[in-house]
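Here is the structure we will look at.
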Amino acid sequence: MSVTVLVGSQWGDEGKGKIVDILSDRFDVVARYQGGANAGHTIQIKENQFILHLIPSGILRDGVSCVIGNGVVIDPKALLDEIELLKNFGIKIENRLFISHNAHLIMPYHKLLDSLGEKRSDKIGTTGRGIGPCYIDKYARKGIKIVDLLNKSELEKKIRKNLEEKNNLLKKVYEHEELDVDAIVAEYLAFDEAIDPYITDVPSYLDNAIANGKKILMEGAQGALLDVDFGTYPYVTSSNPTSGGAATGTGIPPTKITAVFGIVKAYTTRVGNGPFPTELTGEDGEKLRAEGGEFGATTGRPRRCGWFDAELIRYSRMINGIQRAAITKLDVLGNMDEIKVCVAYELNGKRLKSFPTDIARLNQITPIYETLPGWKKDISNVRSYDELPSEAKNYLDFITEQSGFEICIISVGPKRSQTIEL
Ligand code: IMP
């Protein structure tokens, strides 16, 4: 039995798309378990760059099946655009893409309420993709699931009932015009026809795959520190990117999960608002952003950049159960004279014993750094560990020792070939 959960270890954008693409060669099924089109996984294959928001990047490997689990919230338009994009590149989707009939649908009012909500005070800095409002409806038991598309009259009733409430909110709270029920019903029924061939009873599909000895990779979107339960709440997304989400987001029981693999960026980034203890706001931050091309794959927003935070990574390792990891974007540090690593947090002159997730404390802590020499070399053409400059090996040793997991992949550029396996 082989079921590996792959998680983003920081605030997302660790380079999961590329690593899933590399690893999916060794798996039969790749299953996405949470989030929605707020994610953006960038994969570069030869001259082509693909940004996938919903469909797991395993779809780019022949022979790999891809699953979108019940924990994912699906924007019909984003999904259809992605299917179209892949088909235009000659990638076969039929009998390779399986979508849970229990996944919830992002409705036009979710996107609207997301962006209108962000215009008010206490901005989270969301991607505006309707993620939060869709999960709100899911947990308020008012959501529309894929399975609801099967019954036209019931669907219409549900949408009408929801819109009564949402239109009230739009009009009275946001002073926005009301949405048209008929147009929404028509749009979602057309979507049902387009995705019909892909709808699947995912728990049974995965159970069967495991029984037949298939290897499964569970792909998380975003990152552990954006987890609604374990992240820097309220500056988080509205789902569980941590490894536990893999079970509830697909129907794979925890007893069947055999490994947890972390994707760890060689420094730290974050998009949107919220605490970021090792953030670099000056020239070094600009340098990292420019060298690393740190702009959001979904929204194009500049990512906030900072030093590697071992305190945060130890917390992430603990809540995810990370055993082995891929270090990504190591090449981006190649122009730094010195590289800092945060090894601990201090609050009121005392070292903290654990990572504080309450933002009041997190906003007050002082990061304690160790400074390591940079390697001042372009390593993007290095293909073996031995060829790495000694300072880069030293940096890897230091972060491994601080983090407490084994590194087995080092990524030195966006291409498949720019990968060192240990
Ligand atoms: P939402 O997921 O659109 O509600 O956004 C909530 C927070 O999560 C914001 O800070 C976003 O910038 C962040 N976020 C959502 N998706 C991603 C992602 O794929 N990478 C990095 N940050 C993300």
Side-chain angles (χ1 to χ4, degrees), residues 6-20 32-43 50-57 68 71-75 78 82 104 106-107 109-120 122-139 219-242 245 249 262-265 267-276 279 289 292-306 312 316 328-329 357 359 362:
L6 181 141
V7 290
S9 310
Q10 292 141 319
W11 276 291
D13 308 318
E14 296 89 356
K16 293 179 288 295
K18 173 184 161 170
I19 303 299
V20 170
R32 168 102 184 255
Y33 59 83
Q34 47 67 234
N38 49 351
H41 293 165
T42 310
I43 308 108
F50 295 84
I51 300 180
L52 295 175
H53 299 284
L54 279 166
I55 301 178
S57 37
I68 297 181
V72 177
V73 285
I74 297 180
D75 177 350
E82 228 159 89
H104 280 246
I106 302 245
M107 305 300 288
Y109 43 82
H110 293 143
K111 287 197 248 185
L112 195 53
L113 289 169
D114 193 3
S115 47
L116 291 171
E118 283 287 284
K119 290 198 183 114
R120 294 164 82 89
D122 293 337
K123 264 181 149 196
I124 302 293
T126 72
T127 59
R129 298 296 191 266
I131 307 297
C134 184
Y135 281 112
I136 289 175
D137 277 358
K138 172 175 174 171
Y139 289 103
E219 176 186 346
Q222 289 87 42
L225 274 295
L226 286 174
D227 188 287
V228 69
D229 287 290
F230 298 107
T232 47
Y233 191 91
Y235 299 98
V236 291
T237 191
S238 302
S239 63
N240 291 114
T242 46
I263 313 297
V264 182
K265 199 182 274 192
Y267 48 96
T268 314
T269 60
R270 156 160 223 174
V271 208
N273 300 333
F276 183 172
E279 182 170 14
R289 183 175 309 122
E294 294 293 357
F295 295 88
T298 298
T299 58
R301 288 180 293 176
R303 295 178 185 144
R304 299 157 64 194
C305 298
L312 174 153
S316 184
T328 58
K329 297 193 118 174
T357 46
I359 54 164
L362 206 48

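Start at 1 and go down the list; that is how both ligands and their atoms are numbered. Index from 1, following the sequence.
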- Query: Closer than 4.0 angstrom: is that true for some heavy atom of Ser238 and an atom of ligand 1?
  - Reply: no

Taking only non-hydrogen atoms of Gly125 and a 4.0 Å limit, the atoms of ligand 1 in range are 9 (C), 10 (O), 11 (C), 12 (O)

The answer for which part of Arg270 has a heavy atom under 4.0 Å from ligand 1 is neither

Closest to atom 20 (N) of ligand 1 (heavy atoms only, candidates Asp13, Thr269, Val236) is Asp13

- prompt: Under 3.5 Å, side chain of Gln10 to main-chain N/O of Tyr267, donor-acceptor pair present?
  reply: yes

Is there a side-chain contact between Leu226 and Ser239, using heavy atoms and a 4.5 Å cut-off? no

Notebook entry, point to check: Donor-acceptor pair, Gln34 side chain versus Ala221 backbone, under 3.5 Å?
Noted result: yes

re atom 10 (O) of ligand 1, the protein heavy-atom contact at minimum distance is Val271 O, 3.1 Å

Exercise for the section: State if Arg301 counts as touching ligand 1 under the rule of any non-hydrogen atom under 4.0 Å. Expected result: yes

- Determine yes or no for a side-chain-to-main-chain donor-acceptor pair under 3.5 angstrom, with Asp227 supplying the side chain and Thr242 the backbone. yes

Is the closest side-chain heavy-atom distance between Tyr135 and Thr237 below 4.5 Å?
no

### Message
For a quick check under 3.5 Å, do Asp114 and Thr126 share a side-chain donor-acceptor pair by atom type?
### Response
yes

- Message: For Asp137 and His110, which I'm curious about, is there any donor-acceptor pair between the side chains at under 3.5 Å?
- Response: yes

Note: Arg129 and Ile106 closest approach over all heavy atoms is O-CD1, 3.5 Å

* Heavy-atom neighbours of Tyr233 OH exceed 12 at 6.0 Å -> no

Short version for Thr299: what comes under 4.0 Å of ligand 1, heavy atoms counted, is neither

The atoms of ligand 1 lying under 4.0 Å from a heavy atom of Trp11, numbered in the order shown, are 21 (C), 22 (N)

Quick look: Tyr235 vs ligand 1, heavy-atom contacts under 4.0 Å, and the answer is neither

If you compare Val73, Leu226, Thr127, Thr126 by their heavy atoms, the one closest to atom 22 (N) of ligand 1 turns out to be Leu226

Of Cys134, Ala39, Gly132, the one whose closest heavy atom lies nearest atom 19 (O) of ligand 1 is Ala39

for atom 2 (O) of ligand 1, nearest protein heavy atom and its distance come out as Thr237 OG1, 2.6 Å

Under 4.0 Å from one or more heavy atoms of Ile124, ligand 1 contributes atoms 10 (O)

query: Mind checking whether Tyr235 and Leu362 have side chains closer than 4.5 Å, heavy atoms only?
result: no

Below 3.5 Å, N or O to N or O, backbone or side chain included: is there any such pair between Asp114 and ligand 1?
no

Worksheet item: Should Asn273 be counted as touching ligand 1, given the test is an N or O pair under 3.5 Å?
Response: no

Contact check: Gln222 vs ligand 1, nitrogen or oxygen atoms, below 3.5 angstrom: yes

